[in-house]
Amino acid sequence: MSKTLLLHHADTLITMDATRREIHDGAVFIRDGVIEAVGPSAELPTHADEVRNLSGRIVLPGLVNTHHHMYQSLTRAVPGAQDAELFGWLQTLYPMWAGLTPEMIRVSTLTAMAELILSGCTTSSDHLYLYPNGSRLDDSIEAATLIGMRFHACRGSMSVGRSKGGLPPDALVEDEAAILADSRRLIETWHDPARHAMLRIAVAPCSPFSVSTDLMRESAALARSYGVSMHTHLAENDNDVAYSRERFGMTPAEYAESLGWVGHDVWHAHCVKLDTAGIALFARTGTGVTHCPCSNMRLASGIAPIPAMRAAGVAVGLGVDGSASNDGADLLGEARQAMLLARVGHGPAAMNARQALELATLGGAKVLGRDDIGALAPGMSADLIAFRSDTLRLAGGAVHDPVAALVFCAPDAVDLSLINGKWVVEDGKLQTVDLPGILAHHNRLARQLAEAS
């Protein structure tokens, strides 16, 4: 039986639709998890199976996180990895990650997703590229299903260990035939290509310094044979670029192109050191980029040329990146940092608040290859969030410009979150899981992992 939901009288409704409407006293009418109408409250239906008054709130599309490593919530702020650049940071943490178990993957995913959801995120990808002790991507998928998050699960991989010139220890790499076989299994078992899908699978070799050229090529062929997306890290810092030039005789962008890793079905994380030719290549081919400002600052990787990418027409979304290289998972906070970092690197006009919100919504949707999320408009998935406008953090800001205030003023957690037409957060509290219980479990596992390494 059809179920309808009317949300009306929002102080400000940020649609991110084709005309970027910002509606005072706005309303959204939803049927069976899909938006049917958006507009001023006076112009929408007055009756529905459920009616909720959103006065005192700012409403916008659910945010989209396009790059994460959720298992890393177990290793935040680890001594020895706090003040290192990318390669040194990885080499410090690899031995700890070798102790991960399926239980740890599930609980860390729940923890990371809870943090994301409370910051306004309704869709997230996760790049899981190591599978010790029987861990599987299925462990993450089960957690996403439980908490109710829209999920792009990336089957990551590492196949080139230190003995073959790679960065990870040999004990953490996998056989390439096994990687490809498991990727096929996951796609055939879990991937949903339909519009409004809650779960999709992507093929995601970790990085050029941890997988072979053959695996990159074979992964691309596999992904395209199934029509799924492709994801990896690229051009993250100077050492990353130097490794590519020394080992492959090419820039990271040239290497990606040589392997077929460009196109509308591909998105690359970081791209801090993407050069002018690489930007032009990505724009020409429709290749997407995940901007991870907090992680890039934390690891001193640099300032990504996001204004140049956007000017060229590159699809850019946001990512919080790993919980041990950020060390948080606040997606609205990431939008704020994206705006501020662009200004540090390129001047005060480099990015405004509305552009930052666009990266976090429409930009992320485009990077993930979706046309059903990122905006509040008829035919879109019913993913939306609401922040109270009367809080301490928004005091004054919500009076002058409530849209910009969401980015400039760093508000508290969401008051409401609706994902796929279902309430996941109400009155600032998660409704789908026992968060205190999860946190206690998570911290026990974090201690266990540290003590075993």
Side chains of T75 and W97 only: does a donor on one sit below 3.5 Å from an acceptor on the other?
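Yes, a side-chain donor-acceptor pair sits under 3.5 Å.
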Identify the heavy atoms of N133 and L100 that sit nearest to each other, and give their distance.
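Between these two residues, the closest heavy atoms are ND2-O, 2.7 Å.
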I want to check something: taking the side chain as every heavy atom from C-beta on, are V425 and L430 in contact at a cut-off of under 4.5 Å?
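Sidechains of L430 and V425: in contact.
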Backbone of I147 reached by a side-chain donor or acceptor of T432 within 3.5 Å:
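Yes, because the side chain of T432 sits within donor-acceptor range (under 3.5 Å) of the backbone of I147.
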CE-CD1 distance between M339 and I306, expressed to the nearest 0.5 angstrom:
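Here the interatomic distance stands at 15.0 Å.
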Determine, stepwise, if the pair D415 / F387 fulfils side-chain contact (heavy atoms from CB on, under 4.5 Å).
CA-CA 5 Å; D415 182 57; F387 290 89; 5.9 Å; no
Should D383 and R150 count as an ion pair when the cut-off is N to O under 4.0 Å?
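Judged by the 4.0 Å cut-off on N to carboxylate O distance, D383 and R150 do form a salt bridge.
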Are any of the side-chain nitrogens in E176 or K164 under 4.0 Å away from the carboxylate oxygens of its partner?
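No.
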Under 6.0 Å from the CZ atom of R195, do we count more than 12 heavy atoms belonging to anything else shown?
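Yes, the 6.0 Å shell around CZ holds more than 12 heavy atoms from other groups.
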Considering residues, nucleotides and ligands other than E246, do more than 12 of their heavy atoms fall under 6.0 Å from its CD?
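No, because the 6.0 Å sphere around CD of E246 holds 12 heavy atoms or fewer from other groups.
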Backbone N/O of H196 and side chain of D372: donor-acceptor pair under 3.5 Å:
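Indeed, once roles are kept as given, a pair shorter than 3.5 Å links the two residues.
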To the nearest 0.5 Å, how far apart are SG in C294 and CG in D327?
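Going from the SG atom of C294 to the CG atom of D327 covers 10.0 Å.
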Would you find a donor on one side and an acceptor on the other, under 3.5 Å apart, between the side chain of R310 and the backbone of L359?
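Answer holds: no.
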Measure the shortest side-chain to side-chain distance between N237 and L299 over non-hydrogen atoms and say whether it is less than 4.5 angstrom.
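They are not in contact (no side-chain heavy atoms under 4.5 Å apart), so the answer is no.
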Please report the interatomic distance OG1(T111) to CD1(I438), rounded to the nearest 0.5 Å.
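That separation rounds to 6.5 Å.
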Return the orientation label for the H233 and H270 ring planes: parallel under 30°, perpendicular over 60°, tilted otherwise.
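H233 and H270: parallel rings.
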Do D321 and H67 have side-chain atoms, one donor and one acceptor, less than 3.5 Å apart?
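A donor-acceptor contact under 3.5 Å links the two side chains.
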Heavy-atom side-chain proximity of L274 to V314 below 4.5 angstrom:
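A side-chain contact under 4.5 Å is absent here.
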Is it the case that the side chain of E85 and the backbone of G88 share a donor-acceptor pair, with hydrogens and angles ignored and the cut-off at 3.5 Å?
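Here the side-chain-to-backbone pair exists.
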For the pair R336 (side chain) and V407 (backbone), establish whether a donor and an acceptor sit closer than 3.5 Å, ignoring hydrogens and angles.
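Pair found, side chain donor or acceptor close to backbone of V407.
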Donor-acceptor contact present, side-chain T15 to main-chain L376, <3.5 Å
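Looks like no, no N/O pair under 3.5 Å.
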So how far is it from C154 SG to L128 CG, rounded to the nearest 0.5 Å?
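That separation rounds to 9.5 Å.
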So which heavy atom on M351 is nearest to which on A342, and how close?
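That would be CB-CB, 3.9 Å.
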Quiz question: by atom type and distance under 3.5 Å, do the side chains of N326 and Q72 form a donor-acceptor pair?
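Side chains of N326 and Q72: no pair found under 3.5 Å.
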Less than 4.5 Å apart, side chain to side chain, heavy atoms only: is that true for L13 and V28?
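Yes - at least one pair of side-chain heavy atoms lies under 4.5 Å apart.
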Would T361 and L63 count as a side-chain contact (heavy atoms from CB on, under 4.5 Å) here? Give the steps.
CA-CA 5 Å; T361 53; L63 310 183; 3.7 Å; yes
Name each donor-acceptor pair under 3.5 Å that joins a side chain in residues 134-145 to protein atoms two or more places apart or in another chain, with its distance.
{"from": "S135", "atom 1": "OG", "to": "P132", "atom 2": "O", "distance (Å)": "2.8"}
{"from": "D138", "atom 1": "OD1", "to": "R185", "atom 2": "NH2", "distance (Å)": "2.8"}
{"from": "D138", "atom 1": "OD2", "to": "R185", "atom 2": "NH1", "distance (Å)": "3.1"}
{"from": "D138", "atom 1": "OD2", "to": "W190", "atom 2": "NE1", "distance (Å)": "2.9"}
{"from": "D139", "atom 1": "OD1", "to": "R106", "atom 2": "NH1", "distance (Å)": "3.3"}
{"from": "D139", "atom 1": "OD2", "to": "R136", "atom 2": "N", "distance (Å)": "2.8"}
{"from": "S140", "atom 1": "OG", "to": "T109", "atom 2": "OG1", "distance (Å)": "3.4"}
{"from": "T145", "atom 1": "OG1", "to": "I141", "atom 2": "O", "distance (Å)": "3.0"}

When you compare the side chains of N65 and S124, does any donor N or O come within less than 3.5 Å of an acceptor on the partner?
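Present: a donor and an acceptor within the cut-off.
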side-chain contact (heavy atoms from CB on, under 4.5 Å), that's the test. Do V266 and T285 meet it? Break it down for me.
CA-CA 10 Å; V266 180; T285 57; over 6 Å; no
Quick one: does R200's side chain have a donor or acceptor within less than 3.5 Å of a partner on H191's backbone?
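Side chain of R200 to backbone of H191, a donor-acceptor pair under 3.5 Å: no, none is there.
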Derivation and outcome, side chain to side chain donor-acceptor pair (under 3.5 Å), residues Y255 and T213
CA-CA 9 Å; Y255 182 61; T213 297; 2.8 Å; yes
Donor-acceptor side-chain pairing of S73 and S323 below 3.5 angstrom:
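No pair is found: no donor N or O on one side chain lies under 3.5 Å from an acceptor on the other.
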Least distance between heavy atoms, I385 atom then S417 atom:
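The pair with the smallest heavy-atom distance is CG2-OG, 3.9 Å.
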Any I279 side-chain heavy atom under 4.5 Å of M309 side chain:
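Yes; the side chains approach each other to less than 4.5 Å.
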Is L234 close to P208 at the side-chain level, that is, under 4.5 Å between some pair of heavy atoms?
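Of all side-chain heavy-atom pairs linking L234 with P208, at least one is under 4.5 Å.
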So do the side chains of L332 and L357 get within less than 4.5 Å of each other, counting heavy atoms only?
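The answer is yes, as the side chains (C-beta and beyond) meet within the 4.5 Å cut-off.
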Heavy-atom closest pair, residues M149 and T122:
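Smallest heavy-atom distance, with atoms named: CG-O, 3.7 Å.
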Can you check whether K422's main-chain N or O pairs, donor with acceptor, with N420's side chain at less than 3.5 Å?
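No: the side chain of N420 does not pair with the backbone of K422.
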L110 side, atom CG; I117 side, atom CD1 - distance, nearest 0.5 Å
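One finds 9.0 Å between CG of L110 and CD1 of I117.
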Which atoms form the tightest heavy-atom contact between A112 and H68, and what is the distance?
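The pair with the smallest heavy-atom distance is CB-NE2, 3.9 Å.
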Taking every non-hydrogen atom, the tightest pair across A377 and D17
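Nearest heavy atoms, A377 then D17: CB-CB, 4.3 Å.
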H231 side chain vs W267 backbone, donor-acceptor pair below 3.5 Å:
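Such a contact is found between H231 side chain and W267 backbone.
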Heavy-atom donor-acceptor pair, T66 side chain to L318 backbone, under 3.5 Å:
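Answer holds: yes.
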side-chain contact (heavy atoms from CB on, under 4.5 Å), that's the test. Do M198 and D192 meet it? Break it down for me.
CA-CA 8 Å; M198 286 294 289; D192 183 356; over 6 Å; no
Distance in Å, R184 CZ paired with Y226 OH, rounded so as to fall on 0.5 Å steps:
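That separation rounds to 6.0 Å.
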Taking side chain as C-beta onward, heavy atoms only, is L5 less than 4.5 Å from L7?
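A side-chain contact exists here, since the closest heavy-atom pair is under 4.5 Å.
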